[in-house]
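In each ligand, atom 1 is the first atom listed, and ligand 1 is the first ligand listed. Computed from a predicted structure; not experimentally measured.
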Amino acid sequence: MNERADSTAESRFVVTSNRGFAAYAQDELRALTQGTKFDELIPAETYLMRIPLGRDEAIRTIAGKEPIFLRHMHPIDATVSLARTIDDIRLICAAAEKLHETANCDKIAIQIRKAEGFTSAFEPSELREAIAELWLEKFRAETVVKDAERIISVFLTSDCAYIGISAPGDNLSDWPGGAVRFRKEEGQVSRAKFKLLEAEYAFGLDFSKVAKALDIGSAPGGWTSLLLDRGAEVTAVDPAELHPDLLRHPKLTYLKRNAGEVAFRSDTYDLLVCDMSWSPKQMVKLILPLLDSLRPGGIAIITLKLMHGKPFQTVKDSVRAMQPTMQLRKAKQLFHNRDELTVYLQKIN
Ligand SMILES: C[S@@+](CC[C@H](N)C(=O)[O-])C[C@H]1O[C@@H](n2cnc3c(N)ncnc32)[C@H](O)[C@@H]1O
């Protein structure tokens, strides 16, 4: 859908995608608002976007139809030219201070990112400390990492600082640049666990409400272990071995089989997850008969491998194959997705 652009308005944002996927995000953003333009800040990942809409209208338009490949954005409310001296810190703080009325709150986060090859007379950490001190002393606002009311974002190139102040929701992610960093736990079965953890957060889900879950393509068991941790009863299906630490879990049923060889009673599961690294066509073929085991209103979280560089067609074809039983709630390339994206579907009541 093309928004009709107000010919006088223009706003600027720093926009970020997973490395190598920015061109897709740009296609999505241009399809939302004709005339949107991009200048590179970090190759194939971070761009300065000029959009022919006012700042708030641009945020509403983008949030209303969130692009699959746009991981993070923040507005540019002020730009400071840098002289590459220590005085740059004072200039950036002065520009940020002028924006204070949009960050009049008790808790702020300060997120500083830099372009590759950024050189300066100061470290980004020194700038963060200076802004934190300013907000504490002048405005009595505490600097936090999570659950901030406003985020002060600064993107540094060697010549310029782009500064924006926004509500966390306006940035699509409250992590700097949308780079979600979970702490690896001792004994964690696989890094794949982070993908499902991020999906739970990004899609606003709460897996502790899931009573019964089906995990297709579950080995070595990162996703299964997360669902067991959340208290669900889990049926894990994979011809490969699950991690031995999981096998003793009283709420686990492990079927060491191919997805094409299993069948379940109708309306049994609240959640179906699938992380098979297969072509989406093959994966959908295997998943289709299993969707009957999902109860009405039940949820499916599925990773879709991106084949032959046609991501939008892949999503369209895969979702169409699962309709009308399943409705697409959201498709998103998560930070923990590599050459894939994640879809969140819900079974029609
Ligand atoms: C990327 S791994 C899954 C990782 C898992 N989500 C985790 O958190 O540890 C993909 C798994 O899909 C399984 N797989 C591939 N084809 C399958 C099939 N037809 N039926 C069941 N599992 C399959 C593979 O054996 C492999 O263990």
Side-chain angles (χ1 to χ4, degrees), residues 18 180-203 205 207-208 210 212-249 251-264 268-294 298-307 311 314-315 317-318 321-322 331-345:
N18 282 2
V180 180
R181 308 277 181 199
F182 295 123
R183 188 161 302 156
K184 194 162 188 286
E185 297 151 12
E186 211 172 301
Q188 184 169 316
V189 170
S190 76
R191 285 193 67 82
K193 177 178 181 177
F194 290 152
K195 228 187 322 184
L196 190 60
L197 201 55
E198 188 184 349
E200 183 183 31
Y201 186 72
F203 299 144
L205 302 171
F207 293 148
S208 65
V210 170
K212 283 170 92 75
L214 178 59
D215 184 357
I216 304 294
S218 50
W223 288 26
T224 286
S225 76
L226 173 65
L227 296 170
L228 290 169
D229 287 351
R230 293 280 190 269
E233 251 178 65
V234 182
T235 302
V237 179
D238 201 309
E241 296 288 342
L242 271 198
H243 193 281
D245 288 355
L246 293 176
L247 297 177
R248 290 183 299 273
H249 200 290
K251 288 190 151 188
L252 173 73
T253 305
Y254 169 38
L255 304 175
K256 196 171 184 305
R257 307 250 283 278
N258 188 298
E261 302 164 357
V262 293
F264 304 96
T268 304
Y269 295 102
D270 307 297
L271 173 70
L272 182 152
V273 296
C274 175
D275 185 29
M276 283 189 291
S277 313
W278 268 70
S279 82
K281 234 182 185 160
Q282 294 298 326
M283 184 275 298
V284 168
K285 222 178 188 175
L286 288 165
I287 284 293
L288 271 180
L290 301 176
L291 291 174
D292 182 55
S293 69
L294 204 54
I299 280 168
I301 302 290
I302 299 173
T303 41
L304 284 185
K305 212 170 157 68
L306 296 174
M307 314 286 285
T314 300
V315 174
D317 292 346
S318 309
M322 292 187 264
K332 193 84 201 165
Q333 186 172 54
L334 304 172
F335 175 68
H336 288 97
N337 284 142
R338 298 280 169 230
D339 288 334
E340 60 190 16
L341 55 87
T342 303
V343 288
Y344 157 33
L345 305 118

Near A192 (heavy-atom distance under 4.0 Å), the atoms of ligand 1 are 7 (C), 8 (O)
Any heavy atom of S190 under 4.0 Å from ligand 1? The part involved is side chain
Under 4.0 Å from a heavy atom of A240: which atoms of ligand 1 are those, numbered in the order shown and with their elements?
25 (O)
Ring pair (Phe, Tyr, Trp, His ring centres under 6.0 Å) involving Y344 - partner list, sequence neighbours excluded:
F203
Pull out every atom of ligand 1 sitting under 4.0 Å from any heavy atom of W278, numbered as shown with elements.
15 (C), 16 (N), 17 (C)
Against heavy atoms of G222, which atoms of ligand 1 measure under 4.0 Å?
7 (C), 8 (O), 9 (O)
In the protein, which heavy atom is nearest to atom 2 (S) of ligand 1, and how far is it?
A219 O, 3.6 Å
At a 4.0 Å threshold, what atoms of ligand 1 neighbour a non-hydrogen atom of D275?
1 (C), 2 (S), 3 (C), 4 (C), 5 (C), 6 (N), 10 (C)
Could you tell me which atoms of ligand 1, counted from 1 in the order shown, lie closer than 4.0 angstrom to a heavy atom of L286?
19 (N)
Can you sort out which atoms of ligand 1 are near G221, meaning under 4.0 Å from one of its heavy atoms?
7 (C), 9 (O)
Please determine which of L226, L228, L227 meets the side-chain contact (heavy atoms from CB on, under 4.5 Å) test together with T224.
L228
Return each pair, listed once, that meets salt bridge (Lys or Arg N to Asp or Glu O under 4.0 Å) where at least one residue sits in residues 274-289; pairs must be two or more places apart or across chains.
K195-D275
